[in-house]
Amino acid sequence: MGTGELKVPRGTFDVLPEDALKRRELQRRTWAVLGRGGYRPFESPAFEDTELFERGVGESTDIVRKEMFTFEDQGGRSLTLRPEGTAPVCRAYVEHGMHKLPQPVKLWYWGPFFRHERAQAGRYRQFSQIGCEALGSDEPSLDAESVLLLAELLEAAGVRGATLKIASLGTREGREAYLEELRGYLHDHEADLSQDVRDRIASNPLRAFDAGHEGTRTVMAGAPRLLDRLAPEDAEHFAEVRALLDDAGLAYVVDPTLVRGLDYYTRTVFEFESDKLGAQSGVGGGGRYDGLVEELGGPRTPGVGWAAGIERILLASETRWPAAPRPVFVAIDDGGNRREAFRLVTLLREAGVRSEMEQAGRSLKGQMKHASRAEARAVAIVGQEMHWRDMDTGEQRPVTGIQEAVRIAVGLAT
RNA sequence: GUGGGCGUAGCUCAGCUGGUAGAGCUCCUGGUUGUGGUCCAGGCGGUCGCGGGUUCGAGUCCCGUCGCUCACCCCA
């Protein structure tokens, strides 16, 4: 179409000015909400050693098995475009010795992530996430805080009516006995299960809970529930988190079948869903990952956090995002001096006035039309004489020179 | 990786049973009020995704291919 064959790669997109402004505003609100919670900004590289994700995210996950953009650098090292942000944060926690800082360490990030999947509504190969992580404490209040901050962020972003689902997966050790029981149950009903679920009975039996497959669903309806088998400490922890959410007045549904697709989750898991997104209904979700830092070679360190999809937030948002500020326009009439007009624009900008001038060879009428479309508040007409025209009232007044023109414009802005 | 829908001007789309390309919006020019937002006139802009086939003739039929999109899967 148009000039040629070059297009953005599949599953990626350009952010045009209109959307860029919304993103900017969303980031501003994110900064405010998470900053109030004591979270500080953090950035990590767009790619990392492949091993970080293999070990952190888990070999049995779809992400590691088939969705990573992995490549070799010129030194033969295997690198991977980051598919998620929690493992990198944990890597940084260990690398920079953050366990020596006052705990918990609270960080948030914003940026691009990459997963090689077929794109569809709300799902891209390069997408953006806001993430929030708190490491170094297993206090239930940290779980509750994390959930509440995501709820507050969604609220601030104009995402209304999202439903919150929560569950607990117990600890890794505490979960083992249950997993054995579940594997036994799955083997007993193997004939009715989907191939995919059968393949993962050994590696990741929990996955069976969120299968769409008809037969699998009926089998799972009668399956033993992890929530009913939690170790006493885990059950207590979960009850405490729920109590805190109740106190905060945040509505949620306990969903025993909620299973997240990453291996590192322990205890609390949660997810916000919106019905405005099509099939990919999750706007954001996360949970606790008490074993991850240790898995990556650090000290035994608990952690909780979440990630939310920026594109999905914007899709689900009902906010009327603020419009771009109105500029002032400098038009040139017959007999006008271009250099004088340019100088006026320069001075206006120095004085803090957003201003533009004629730069496309338009007629005066064309310039006025353009200024009108650009929603200019006022137009300076530089001809034999100089005038300021108020574009809302149509009122037009002569100006003695550039200095006075700047003074008037500065006055308009306030 | 699998399946459905779709690919005509920058954007949104029309084009009936094949006859040789249209509208609205945008953009530019002119008129209507010297100098806009209404209205009118005109102009710029298209290898009809690409390749092959059927036909005197294909945007319109057939095959292939690429792309977009939605869904499965999975997740943000």
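Proteins get letters first, then strands, A, B, ... in listed order; numbering begins at 1 in each. Everything quoted here is computed from the prediction, not taken from an experiment.
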If you look at every strand shown and take non-hydrogen atoms under 4.0 Å, does [X] touch a base, only sugar-phosphate, or nothing?
{"X": "A/Phe113", "result": "nothing"}
{"X": "A/Arg123", "result": "base"}
{"X": "A/Arg115", "result": "base"}
{"X": "A/Gly394", "result": "base"}
{"X": "A/Ala371", "result": "nothing"}
{"X": "A/Val379", "result": "nothing"}
{"X": "A/Gly122", "result": "base"}
{"X": "A/Ser363", "result": "sugar-phosphate"}

Any idea how A/Phe270 and A/Phe272 line up, ring-wise: parallel (<30°), tilted (30 to 60°), or perpendicular (>60°)?
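Correct class here is perpendicular.
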
Which word best sums up how the rings of A/His116 and A/Phe69 line up, parallel for under 30°, tilted for 30 to 60°, or perpendicular for over 60°?
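Ring orientation, 0 to 90° scale: tilted.
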
Inter- and intrachain pairs under side-chain hydrogen bond (donor to acceptor under 3.5 Å, both in side chains), touching residues 77-86 of chain A, at least two apart
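Pairs touching residues 77-86 of chain A that pass the test: A/Ser44-A/Arg82, A/Thr50-A/Ser78, A/Thr50-A/Thr80, A/Thr70-A/Thr80, A/Asp73-A/Arg77, A/Glu84-A/Tyr264, A/Thr86-A/Glu133, A/Thr86-A/Tyr264.
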
Say whether, by atom type as modelled, one donor and one acceptor occur between the side chain of A/Arg115 and the main chain of A/Ile63 under 3.5 angstrom.
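Answer holds: no.
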
Shorter than 3.5 Å, N or O on both sides, protein versus nucleotides 31-33 of chain B: list them out with atom names.
from: B/rG31; atom 1: N7; to: A/Lys365; atom 2: NZ; distance (Å): 3.0
from: B/rG31; atom 1: O6; to: A/Lys365; atom 2: NZ; distance (Å): 3.1
from: B/rU32; atom 1: O4; to: A/Lys365; atom 2: NZ; distance (Å): 2.8

For the NZ atom of A/Lys165 and the OG1 atom of A/Thr163, what is their distance to the nearest 0.5 Å?
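These two atoms lie 6.5 Å from each other.
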
Rounded at 0.5 Å granularity, tell me how far CG in A/Leu79 sits from CE in A/Met68.
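Here the rounded value is 11.0 Å.
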
Presence of A/Arg10 side-chain N/O under 4.0 Å of B/rC68 phosphate oxygens OP1/OP2
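So the side-chain polar atoms of A/Arg10 do come within 4.0 Å of the phosphate oxygens OP1 or OP2 of B/rC68, strictly under.
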
Presence of A/Gln120 side-chain N/O under 4.0 Å of B/rA71 phosphate oxygens OP1/OP2:
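Yes, A/Gln120 has a side-chain N/O under 4.0 Å of OP1/OP2 on B/rA71.
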
Nucleotide nearest A/Glu117 when distance is taken to its side chain, options B/rC74, B/rG37, B/rU35:
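That would be B/rC74.
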
Which nucleotide in the set B/rA71, B/rA76, B/rU35 lies at the smallest distance from any side-chain heavy atom of A/Gln396?
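Closest of the options to the side chain of A/Gln396: B/rU35.
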
Going by an N to O cut-off under 4.0 Å, is there a salt bridge joining A/Asp62 and A/Arg65?
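Judged by the 4.0 Å cut-off on N to carboxylate O distance, A/Asp62 and A/Arg65 do form a salt bridge.
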
Is the closest side-chain heavy-atom distance between [X] and [Y] below 4.5 Å?
{"X": "A/Leu150", "Y": "A/Leu164", "answer": "no"}
{"X": "A/Lys369", "Y": "A/Arg362", "answer": "no"}
{"X": "A/His237", "Y": "A/Thr268", "answer": "yes"}

Ring-on-base stacking B/rA76 with A/Phe127 (under 5.5 Å, under 30°):
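Check passed, A/Phe127 stacks on base of B/rA76.
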
Going by purine N1 to pyrimidine N3 plus the second Watson-Crick contact, or the G-U wobble pair, all under 3.5 Å, which nucleotide sits opposite B/rC68?
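Across all strands, the one nucleotide that pairs with B/rC68 is B/rG5.
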
Start at the 5' end of RNA chain B and walk down; is the nucleotide closest to A/Ala119 or to A/Gly309 reached first?
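Nearest-nucleotide comparison on RNA chain B picks A/Ala119.
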
Nearest nucleotide by nearest heavy atom, which residue falls closer to the 5' end of RNA chain B, A/Glu84 or A/Lys369?
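Final value for this comparison: A/Lys369.
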
Can you check the A/Leu277 CG to B/rA71 C1' distance for me, whole Å?
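To the nearest whole Å, that distance equals 15 Å.
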
Name every residue in residues 22-44 of chain A that has at least one heavy atom under 4.0 Å from any atom of RNA chain B, in order of residue number, or write none if there are no such residues.
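Within this stretch, nothing sits under 4.0 Å of the strand.
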
